[in-house]
Trainee: 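There's a structure below that I have some questions on.
Letters A, B, ... are given to chains in the order of the sequence lines, protein chains preceding strands, and every chain is numbered from 1.
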There are 2 protein chains.
Amino acid sequence: MNERLAPDMFDELCPSALSPIRFGDKWAGMIIRCLEHGPRRFTELRIPLRGITAKVLTQSLRGLERDGLISRTAYNEAVQRVEYELTPLGRSLLGPMAVACAWAEKHWEELLDAREAYETPVSGFGRTG
Amino acid sequence: MNERLAPDMFDELCPSALSPIRFGDKWAGMIIRCLEHGPRRFTELRIPLRGITAKVLTQSLRGLERDGLISRTAYNEAVQRVEYELTPLGRSLLGPMAVACAWAEKHWEELLDAREAYETPVSGFGRTG
DNA sequence: CTGAATCCGGCAAGATACTG
DNA sequence: CAGTATCTTGCCGGATTCAG
C-alpha cells in the first residue's frame with residue numbers, strides 16, 4: 001500500500017480558478033488528496049504539486065495542521081524524515097471534497113461556456129449598451 | 001414570497017476563516033444564499049452583508065456573473081433598479097453548499113479546539129522544542 | 001439607486017539563497 | 001532531507017469620492 005505519488009496526479013492547470021469551490025488555501029485541496037491513502041513525506045508531496053516551493057508548501061501544511069486537518073510527525077533518524085497525515089477531522093473532509101469534485105466535473109462545460117460568453121459579449125451590447 | 005432579507009441573516013463573524021470550505025471569493029457564498037429564494041436588488045443585498053462597500057459588492061457580483069452563477073437585469077424605470085438572480089448553474093451549487101454547511105456545523109467545535117490547541121502548544125514543546 | 005474611479009494597506013505567493 | 005530567511009510582486013478587500 002501507499003504507492004508513489006504520480007507526477008501527473010493532478011491536471012496541468014490545477015488548482016483551477018474555474019471551480020468556485022475551494023478547500024483551504026490554494027494548495028490545501030491537492031495536499032489533502034495526496035494524503036488520502038496514507039502518510040507522505042515533505043519531499044514526496046512536492047512531486048505532484050509541480051513546482052511548489054518549499055516555503056509555500058510549508059505554509060500550506062502549517063495551515064492545515066493549525067486547522068487540525070493533518071498531523072506532523074518528525075522522526076529522529078540518520079536521514080531526516082517528516083511525515084504528514086490526515087487526522088480524522090481532515091479525513092472527514094473527503095466527503096465534501098468528493099461532492100465538490102463531482103459538481104465541478106458535471107458542470108465544467110457550463111463553467112467554460114460562461115467564462116467565454118462573459119469575455120466576448122454579444123456584438124458590443126454588453127454592460128455599457 | 002421573497003420577503004425582506006434579515007440584517008442578522010448571517011452570523012456576526014461571517015464569513016469565517018474557520019471553515020476550510022469556500023465558495024468563490026470572500027462574499028460569494030453569502031450572496032448566493034441571499035439569492036436562494038428569488039431575485040434581489042443591489043441595495044437589498046447590502047443589508048445582510050453588513051458593511052460591504054458598493055465597490056466590493058459589485059466586484060463579487062461581477063465575478064459570479066462571469067462564472068455564470070447569477071444573472072443581472074437592469075430595468076429602465078423612474079428609479080433605477082437592478083436585480084440579481086441565480087442561474088440554474090448557480091442554483092446547482094446550493095447542494096454542495098448545504099453539504100459544506102452541514103460539515104462545518106458538525107465539526108465546528110473540533111475546528112475551534114484545533115485552532116486553540118495550535119495557538120497554545122503544550123508546555124512549550126511546540127515546533128521549536 | 002447603482003454603481004465607477006482612485007488610492008491604499010496587507011497579505012498571499014513565488015524566487016532565491018542559506019541552514020541543521 | 002526538511003525546512004528557514006529575505007525580498008519582491010500582485011491581487012484582494014476596503015475607504016473615500018464622484019457620477020448617471
Trainee: Nearest-Å distance, CG (B:Leu61) to P (D:dG13)?
Mentor: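 Taking CG of B:Leu61 and P of D:dG13, I get 13 Å after rounding.
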
Trainee: Could you tell me whether A:Tyr84 contacts a base, only the sugar-phosphate backbone, or nothing, with contacts defined as non-hydrogen atoms closer than 4.0 Å?
Mentor: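 Touches sugar-phosphate only.
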
Trainee: Could you work out which one of D:dA2, C:dG14, C:dG3 sits closest to the side chain of A:Phe42?
Mentor: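 It is D:dA2.
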
Trainee: Between A:Leu111 and A:Tyr118, is there a shared hydrophobic cluster once you connect ILVMFWY residues whose side-chain heavy atoms come closer than 4.5 Å?
Mentor: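 No, A:Leu111 and A:Tyr118 fall in different hydrophobic clusters.
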
Trainee: Please work out if A:Val82 contacts a base, only the sugar-phosphate, or nothing of the nucleic acid, heavy-atom cut-off 4.0 Å.
Mentor: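 The answer is sugar-phosphate, as A:Val82 gets under 4.0 Å only of primed atoms, P, OP1 or OP2.
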
Trainee: Under 4.0 Å: is that the gap between some side-chain N or O of B:Thr58 and OP1 or OP2 of C:dG3?
Mentor: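 B:Thr58 to C:dG3 OP1/OP2: no side-chain N or O under 4.0 Å.
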
Trainee: Ignoring hydrogens and geometry, is there a side-chain-to-backbone donor-acceptor pair from A:Arg50 to A:Pro7 under 3.5 Å?
Mentor: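 Between the backbone of A:Pro7 and the side chain of A:Arg50 there is a qualifying donor-acceptor contact (under 3.5 Å).
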
Trainee: Looking at the side chain of B:Arg72, which of D:dG13, C:dG3, D:dC1 is the nearest nucleotide?
Mentor: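 Between D:dG13, C:dG3, D:dC1, the one nearest the side chain of B:Arg72 would be C:dG3.
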
Trainee: Rounded to the Å, how far apart are A:Leu49 CG and C:dG14 C1'?
Mentor: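 So the two atoms are 15 Å apart, to the nearest Å.
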
Trainee: Give a yes/no on whether any side-chain N or O of A:Arg46 is located under 4.0 angstrom from OP1 or OP2 of D:dA2.
Mentor: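 The answer is no; no side-chain N or O of A:Arg46 sits under 4.0 Å from OP1 or OP2.
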
Trainee: Rounded to the nearest Å, what distance is computed from the CG atom of residue A:Leu45 to the P atom of nucleotide D:dC1?
Mentor: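 From A:Leu45 CG to D:dC1 P: 13 Å.
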
Trainee: Just N and O in the side chain of B:Arg41: are any of them under 4.0 Å from OP1 or OP2 of C:dG3?
Mentor: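 So the side chain of B:Arg41 is outside the cut-off, no N or O lying under 4.0 Å from OP1 or OP2 of C:dG3.
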
Trainee: Taking only side-chain nitrogens and oxygens of A:Arg22, does any of them come within less than 4.0 Å of OP1 or OP2 of C:dA12?
Mentor: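 Answer is no, no contact under 4.0 Å.
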
Trainee: How many whole angstroms separate atom CG of A:Leu64 from atom P of C:dA12?
Mentor: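 After rounding, the gap between these two atoms is 14 Å.
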
Trainee: Of the candidate nucleotides C:dA4, D:dG13, C:dA13, which contains the atom at the shortest distance from the side chain of B:Lys26?
Mentor: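 Nearest listed nucleotide: D:dG13.
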
Trainee: Out of D:dG13, C:dG3, C:dG14, which has the shortest distance to the side chain of A:Trp27?
Mentor: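 Of the options given, the side chain of A:Trp27 lies nearest C:dG14.
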
Trainee: When you compare the protein's N or O atoms with those of nucleotides 15-20 of chain C, which come within less than 3.5 Å of each other, and at what distance?
Mentor:
residue: C:dG20; atom: N2; partner: A:Gln80; partner atom: OE1; Å: 2.4

Trainee: In this structure, how many angstroms lie between the C1' atom of D:dG13 and the CZ atom of B:Arg62, rounded?
Mentor: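 Atom-to-atom, B:Arg62 to D:dG13, this comes out as 17 Å.
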
Trainee: Measuring from the side chain of A:Asp25 (C-beta onward, heavy atoms only), which nucleotide among C:dA13, D:dA2, D:dG13 has the closest atom?
Mentor: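 The answer is C:dA13.
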
Trainee: Quick one: do B:Leu18 and B:Arg115 satisfy side-chain contact (heavy atoms from CB on, under 4.5 Å)? Show the steps, please.
Mentor: CA-CA 8 Å; B:Leu18 213 56; B:Arg115 192 65 65 111; 3.5 Å; yes

Trainee: Is there a side-chain contact between A:Arg40 and the phosphate of D:dA2, meaning an N or O under 4.0 Å from OP1 or OP2?
Mentor: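 Checking A:Arg40 against D:dA2: no side-chain N or O falls below 4.0 Å of OP1 or OP2.
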
Trainee: Between D:dA2 atom P and A:Glu83 atom CD, what is the distance in whole Å?
Mentor: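 About 9 Å, once rounded to whole Å.
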
Trainee: Show your reasoning for whether side-chain contact (heavy atoms from CB on, under 4.5 Å) applies to A:Val82 and A:Arg41.
Mentor: CA-CA 6 Å; A:Val82 175; A:Arg41 304 181 56 173; over 6 Å; no

Trainee: Under the side chain to side chain contact (heavy atoms under 4.5 Å, CB included) rule, collect the residues that match up with A:Ala104, sequence neighbours excluded.
Mentor: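 Checked A:Ala104 against side chain to side chain contact (heavy atoms under 4.5 Å, CB included); matches are A:Ser19, A:Trp108.
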
Trainee: Start at the 5' end of DNA chain C and walk down; is the nucleotide closest to A:Ile52 or to B:Arg81 reached first?
Mentor: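 Closest to the 5' end, via its nearest nucleotide, is B:Arg81.
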
Trainee: Excluding sequence neighbours, so at least two apart, what forms side chain to side chain contact (heavy atoms under 4.5 Å, CB included) with A:Glu77?
Mentor: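 Checked A:Glu77 against side chain to side chain contact (heavy atoms under 4.5 Å, CB included); matches are A:Tyr75, A:Arg81.
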
Trainee: Are B:Val99 and A:Ile21 linked, directly or through intermediate hydrophobic residues, by side-chain heavy-atom contacts shorter than 4.5 Å (ILVMFWY only)?
Mentor: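 No; B:Val99 is not reachable from A:Ile21 via cluster members.
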
Trainee: Which whole-number value in Å describes the distance from A:Glu65 CD to D:dG3 C1'?
Mentor: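 Between C1' of D:dG3 and CD of A:Glu65: 13 Å.
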
Trainee: With hydrophobic residues grouped by side-chain heavy-atom distances under 4.5 Å, do B:Ile47 and B:Ile52 end up in a single group?
Mentor: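 No, B:Ile47 and B:Ile52 fall in different hydrophobic clusters.
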
Trainee: Quick one: B:Leu57 CG to D:dA15 P, roughly how many Å, whole number?
Mentor: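 Whole-Å distance recorded here is 13 Å.
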
